[in-house]
Amino acid sequence: MTGRTAPRIAGHYFDGRTSARREVTLTLDAFGVVHVEGPGVDRFEPVAGISVSEPLGGAPRLLTLPDGAYCEVAVQAGRDAFIAALGHSDSHVVLAQSRWPWAIGSAILLLVVIAVGYRFGLPWLAEKIAARIPASMVTTLSDQTLALLDKAAFDPSKLPEERRNRIAEKFRRLTPPGGLPVPHEVLFRASPRIGANALALPSGTIIVTDELVKLTENDDEILAVLTHELGHVHERHGLRLLVESSVVGFVLTWYIGDVSSLAASVPAALLQAKFSREHEAAADAYGASMLKGNGLSPALLASMLEKLEASHGSPGAAADDKSINDYLASHPATRERIEALRRQ
Ligand SMILES: [Zn+2]
């Protein structure tokens with residue numbers, strides 16, 4: 001666009017009292033005033049006072065002035081642009097019916113709204129909902145999930161009870177960041193199926209596999225993993241993830257029409273969902289802060305991440321079992337996380 005020319009169209013003017021029909025031009029100036037001009041007509045009308053008829057196929061549009069006079073504007077080049085410039089907005093339904101570009105534009109806009117909502121709105125909503133889930137429900141959900149895991153993936157731990165108690169006791173004695181205690185319980189399970197791993201349930205139950213313990217050289221390395229997992233509990237990551245997948249699941253099942261299957265899928269959803277990079281980074285930061293606060297090095301967590309990654313094959317390699325949430329290893333950003341922890 002080079003210059004600015006005032007929008008102008010041709011029409012017929014009727015004074016609203018007689019049937020006299022006069023050829024006029026309508027010009028919209030930069031101040032929002034329409035100049036109606038023709039033989040015996042010379043009117044200036046602010047657009048705010050002009051009402052425009054709905055589009056009806058190829059019929060002329062009527063621009064009615066405050067005193068009842070009106071202009072009939074037949075289909076012509078620039079008519080739609082002129083009416084749009086008046087600031088008149090046609091009803092959305094009419095637009096969608098009569099103008100495909102608008103319909104496509106609306107669909108794209110809707111998709112953008114959904115995508116943005118999914119990316120930003122859903123985590124925000126999940127956080128709000130997660131904070132309001134009653135503790136009793138959190139416990140029930142977590143217990144069900146543990147029962148499912150015990151049936152599907154875990155065997156009783158083969159570590160000596162004395163060793164298990166010592167680790168749990170050492171962890172209990174650590175001061176959490178800010179001195180804010182996070183209720184938790186450390187459990188040990190053998191799991192040849194999922195290998196070295198640790199995971200936290202929303203209730204604060206943290207499960208460490210015997211395979212993970214075997215990777216470590218000392219208890220401090222296990223404590224490092226536990227601080228990371230406690231970070232997930234503290235930040236309610238599990239619950240937030242669960243709410244997110246439930247919201248999506250609810251919308252989908254509602255759409256498909258089988259809501260009953262949703263309830264049964266809740267514990268499985270907890271296991272299938274993966275924490276986001278943001279969640280992992282937050283849990284790492286919590287863990288690093290807790291380690292430092294107790295005179296331990298965040299590098300302990302970094303070296304554990306390396307060991308876990310090595311034990312699960314090269315980065316990006318498929319996990320043995322995709323249905324088990326791999327909380328620490330095989331994460332695409334593991335390298336990044338290790339470096340961040342080493343810098344602390
Ligand atoms: Zn994690």
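Read the numbers this way: they start at 1 and go in the same order the structure lists the ligands and their atoms.
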Would you check if the Zn ion (ligand 1) lies under 2.8 Å from any N, O or S atom of [X]?
X    : result
H237 : no
H228 : yes
E280 : yes

Sequence neighbours left out, what passes salt bridge (charged side-chain N to carboxylate O under 4.0 Å, His left out) with R22? Give chain and number order.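 Testing R22 for salt bridge (charged side-chain N to carboxylate O under 4.0 Å, His left out), a comparison that skips the adjacent residues, returns none.
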
Heavy atoms only: give me the nearest Y13-C71 pair and the separation to one decimal.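 The pair with the smallest heavy-atom distance is CD1-SG, 3.9 Å.
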
Evaluate the ring planes of H237 and H232, with Trp represented by its six-membered ring, and classify them as parallel (under 30°), tilted (30 to 60°) or perpendicular (over 60°).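 Rings of H237 and H232: perpendicular, over 60°.
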
Tell me the side-chain hydrogen bond (donor to acceptor under 3.5 Å, both in side chains) pairs involving residues 67-79, sequence neighbours left out?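 Matches after skipping sequence neighbours: R43-D67.
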
